[in-house]
There are 2 protein chains.
Amino acid sequence: MGEKDTGTEQDILGAAEEVFIKKGYAATKTTEIAKLAGINHAMLHYYFRTKENLFNVVFQKKVKLMADSFFLVAQEKKPFLEIVQMTVERHFDFIRGNSYLAIFIINEINSNEKNSQVWRNIALPIFKNVIKTIDMMMKVEISKGTIRNIDAIDFILNIISLNIFVFAAQPILKGLKNVSEEEYEKFLDNRKKENVRLALLALQP
Amino acid sequence: MGEKDTGTEQDILGAAEEVFIKKGYAATKTTEIAKLAGINHAMLHYYFRTKENLFNVVFQKKVKLMADSFFLVAQEKKPFLEIVQMTVERHFDFIRGNSYLAIFIINEINSNEKNSQVWRNIALPIFKNVIKTIDMMMKVEISKGTIRNIDAIDFILNIISLNIFVFAAQPILKGLKNVSEEEYEKFLDNRKKENVRLALLALQP
DNA sequence: CATGTAATTAACTAAATTGTTAAACAAAAA
DNA sequence: TTTTTGTTTAACAATTTAGTTAATTACATG
C-alpha cells in the first residue's frame with residue numbers, strides 16, 4: 001500500500017477529467033485524452049484498462065465533489081437565515097468555478113443507467129444527510145414562525161435550480177446579453193445576490 | 001413543389017428525434033435510428049445524406065419548438081400578474097411534456113459551436129422579442145409601483161431555471177424521493193405552484 | 001404495355017477507434 | 001553486474017460506424 005500515484009497516471013486522469021467533462025463520455029476519444037496528457041495512448045490502457053474504467057474513476061470523483069459542494073455550512077452556529085445566505089453563496093461560487101461540472105453529471109446520469117447507480121451510491125447518502133440537517137433546522141424555525149411551512153427538498157431544489165441553470169445556459173446567456181467578459185462577470189455577481197434574495201423570499205411566512 | 005414528405009422520410013425523422021434527444025449527437029448511431037425507423041440504413045443516407053445533416057434538421061426543429069414554447073401568452077389583455085402566472089404554468093407544462101428536450105439542447109449547445117450558431121440564428125431573435133415585450137410590460141408596472149425594479153432577463157431566467165431544472169434532474173429526484181409514479185406526479189403539480197409563487201414573489205416591491 | 005424515374009436493398013469501402021502485444025527501456029534489488 | 005520488475009513504445013488487430021454503389025424493385029406517365 002501507500003503506492004503514490006505515478007506522474008503519468010495523474011497526467012492521464014487530469015486530461016481525462018478535462019475532456020470527459022467538456023465533451024461527455026460518448027464524444028470523448030481516448031486518443032484525444034492521450035494526446036492532451038502527452039503520452040502514448042497505450043499507456044492509458046496500461047493504467048486504466050478500458051475507456052469505461054477511466055471514465056468511472058473520473059465520474060465517481062466528480063459526483064462526490066458535486067455532492068460535497070452542497071451545504072458544508074450547516075454546522076455553524078449562526079442564525080438560520082444567515083446560514084442560508086452563506087450556503088447559497090458558497091454553492092453559487094462552487095458552480096461558477098466548475099461551470100461544466102453540473103451539466104456533465106446531469107447529462108451522464110440521464111443517458112446511462114449505470115451512472116445513475118453511481119450517483120445513487122455516492123451522492124444520495126450525502127444528500128439525504130444534508131436534507132435531514134436542513135429539515136431539522138427548518139422545523140425549528142417553522143415552529144417559531146420565522147419561516148413558512150415549506151418542504152426541505154423544495155427549498156433546496158429552488159437554490160440548486162437557480163444556481164446551476166445560469167451556468168448550464170451560459171452560451172445562451174452570453175449570446176443574449178452580448179456584453180464584455182467583465183460586464184458578464186458583474187451580471188453573475190448580481191445573479192448571486194438575486195438567488196440569495198429569492199431563496200430567502202421563498203421562506204417568508 | 002408541394003412534394004409531400006414520404007412516409008419513410010417521416011419515419012426516419014421521427015426515429016432520429018427520439019434517439020438524438022435521448023442520447024445526444026455523439027452517442028447516437030445512425031444504424032440505431034434506421035433500426036428504430038424500420039428501414040434499411042442506406043435509406044437514411046438517401047434522404048439526408050449525412051448524420052450531421054439529419055441531426056441539424058432535428059436540432060433546428062427542436063430549437064424552434066423550445067424558443068416558441070416561451071411566452072406565447074404575452075399578448076392577452078389581462079393583468080400583468082395573471083399573465084405571469086399563466087406563462088409560468090404553460091412553460092412548466094411544456095417542459096413536463098418534453099422533459100428530455102431542454103437538457104438535450106443545452107448539452108448540444110455547450111458541446112458544439114455550430115449548434116450554438118443555430119441557436120443564435122433561430123432562437124435568439126424569438127427570445128429577444130419576448131424579452132422586449134415583457135420588458136415593456138414590466139416597465140409599466142414598475143412605474144405604477146406594483147412590482148419592483150428588476151431586469152426582465154433576470155425575471156425570465158428565474159422562471160426558466162426553476163421550471164427546467166426539476167426535469168433535468170429527474171433521475172436524481174426520483175432516486176431521492178423514492179415514491180410511486182403517482183406521488184411523483186403530485187410532487188410535480190406542487191412544484192408548478194411553487195414556481196408560480198416564487199416567480200411572483202420575485203416581483204414584489 | 002413500355003419506359004423512365006424514384007425508392008429500396010444488400011454488399012461493400014474507408015476511416016476511426018478501442019484495445020492488445022511483443023519488444024525495448026529504465027530503475028531498483030539481489 | 002545481473003536479474004527482476006515495472007514502464008513505455010510502436011506496430012498491429014478487431015470492431016464499429018458513416019457513407020457509397022450498383023443492382024433490383026415499385027411506381028407513375030406516355
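A note on names: the letters A, B, ... follow the listed sequences, proteins ahead of strands, and every chain is numbered from 1.
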Practice item. Give the B/S/- string for nucleotides 23-28 of chain D, one per nucleotide from 5' to 3', where a protein heavy atom under 4.0 Å of the base yields B, of only the sugar-phosphate yields S, and otherwise -. Key: ------

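With rounding to whole Å, A:Met43 atom CE is found 17 Å from C:dT21 atom P. Across the protein-nucleic acid pair, B:Gln10 atom CD and C:dA7 atom P stand 14 Å apart, rounded to whole Å. Atom CZ of B:Phe48 and atom P of D:dT20 are 15 Å apart (whole Å). Atoms CG (A:Asn40) and P (D:dA10) sit 6 Å apart, rounded to a whole Å. Counting to the nearest Å, the P atom of D:dT20 and the CG atom of B:Asn53 are 11 Å from each other. Protein atom CD of A:Glu9 is 14 Å distant from nucleotide atom P of D:dG6, rounded to whole Å.
Within residues 55-63 of chain B, no residue is approached by DNA chain C to less than 4.0 Å at the level of any non-hydrogen atom.
Annotation: side chain to side chain donor-acceptor pair (under 3.5 Å) contacts of A:Glu181 (sequence neighbours excluded): A:Lys174. Residues passing the side chain to side chain donor-acceptor pair (under 3.5 Å) test with A:Asn178, sequence neighbours excluded: none. Residues satisfying the side chain to side chain donor-acceptor pair (under 3.5 Å) criterion with A:Glu183, sequence neighbours excluded, are absent altogether. The salt bridge (charged side-chain N to carboxylate O under 4.0 Å, His left out) check on A:Lys51 picks up nothing, with sequence neighbours excluded. Residues passing the side chain to side chain contact (heavy atoms under 4.5 Å, CB included) test with B:Asn107, sequence neighbours excluded: A:Ile103, A:Asn107.
Close to C:dT8, at under 4.0 Å from its OP1 or OP2, lies a side-chain N or O of B:Thr8. Residue B:Tyr47 places at least one side-chain N or O under 4.0 Å from the OP1 or OP2 atom of C:dT8.
For residues 149-173 of chain B, every residue pair satisfying the salt bridge (Lys or Arg N to Asp or Glu O under 4.0 Å) rule, not counting sequence neighbours, is listed here: A:Arg191-B:Asp154. The salt bridge (Lys or Arg N to Asp or Glu O under 4.0 Å) contacts involving residues 120-133 of chain B comprise B:Glu113-B:Arg120, where partners must be two or more places apart or lie in separate chains. Listed by first and then second residue, the salt bridge (Lys or Arg N to Asp or Glu O under 4.0 Å) pairs involving residues 94-112 of chain B are B:Arg96-B:Glu185, B:Arg96-B:Asp189 (not counting sequence neighbours).
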Do any side-chain atoms of residues 13-25 of chain A form donor-acceptor pairs under 3.5 angstrom with protein atoms, and if so which ones, sequence neighbours left out?
{"from": "A:Glu17", "atom 1": "OE1", "to": "A:Lys62", "atom 2": "NZ", "distance (Å)": "3.2"}
{"from": "A:Glu17", "atom 1": "OE2", "to": "A:Lys61", "atom 2": "NZ", "distance (Å)": "2.5"}
{"from": "A:Lys23", "atom 1": "NZ", "to": "A:Glu32", "atom 2": "OE1", "distance (Å)": "3.1"}
{"from": "A:Lys23", "atom 1": "NZ", "to": "A:Glu32", "atom 2": "OE2", "distance (Å)": "3.4"}

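Minimum atom distance to the side chain of A:Tyr46 is reached by D:dT8, of the listed D:dT8, D:dA10, C:dA6.
Judged by closest nucleotide on DNA chain D, A:Gly38 is the one of B:Ala42 and A:Gly38 placed further toward the 5' end.
Aromatic pair B:Phe167/B:Phe94: centroids not less than 6.0 angstrom apart.
In terms of modelled atom types and a separation under 3.5 Å, the side chain of A:Asn129 and the main chain of A:Pro125 share no donor-acceptor contact.
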Between the protein and nucleotides 17-19 of chain D, which nitrogen or oxygen pairs are less than 3.5 angstrom apart?
{"from": "D:dA18", "atom 1": "OP1", "to": "B:Thr30", "atom 2": "N", "distance (Å)": "3.3"}
{"from": "D:dA18", "atom 1": "OP2", "to": "B:Thr30", "atom 2": "N", "distance (Å)": "3.0"}
{"from": "D:dA18", "atom 1": "OP2", "to": "B:Thr30", "atom 2": "OG1", "distance (Å)": "2.5"}
{"from": "D:dG19", "atom 1": "OP2", "to": "B:Lys51", "atom 2": "N", "distance (Å)": "2.6"}
{"from": "D:dG19", "atom 1": "N7", "to": "B:His41", "atom 2": "NE2", "distance (Å)": "3.3"}
{"from": "D:dG19", "atom 1": "O6", "to": "B:His41", "atom 2": "NE2", "distance (Å)": "3.1"}

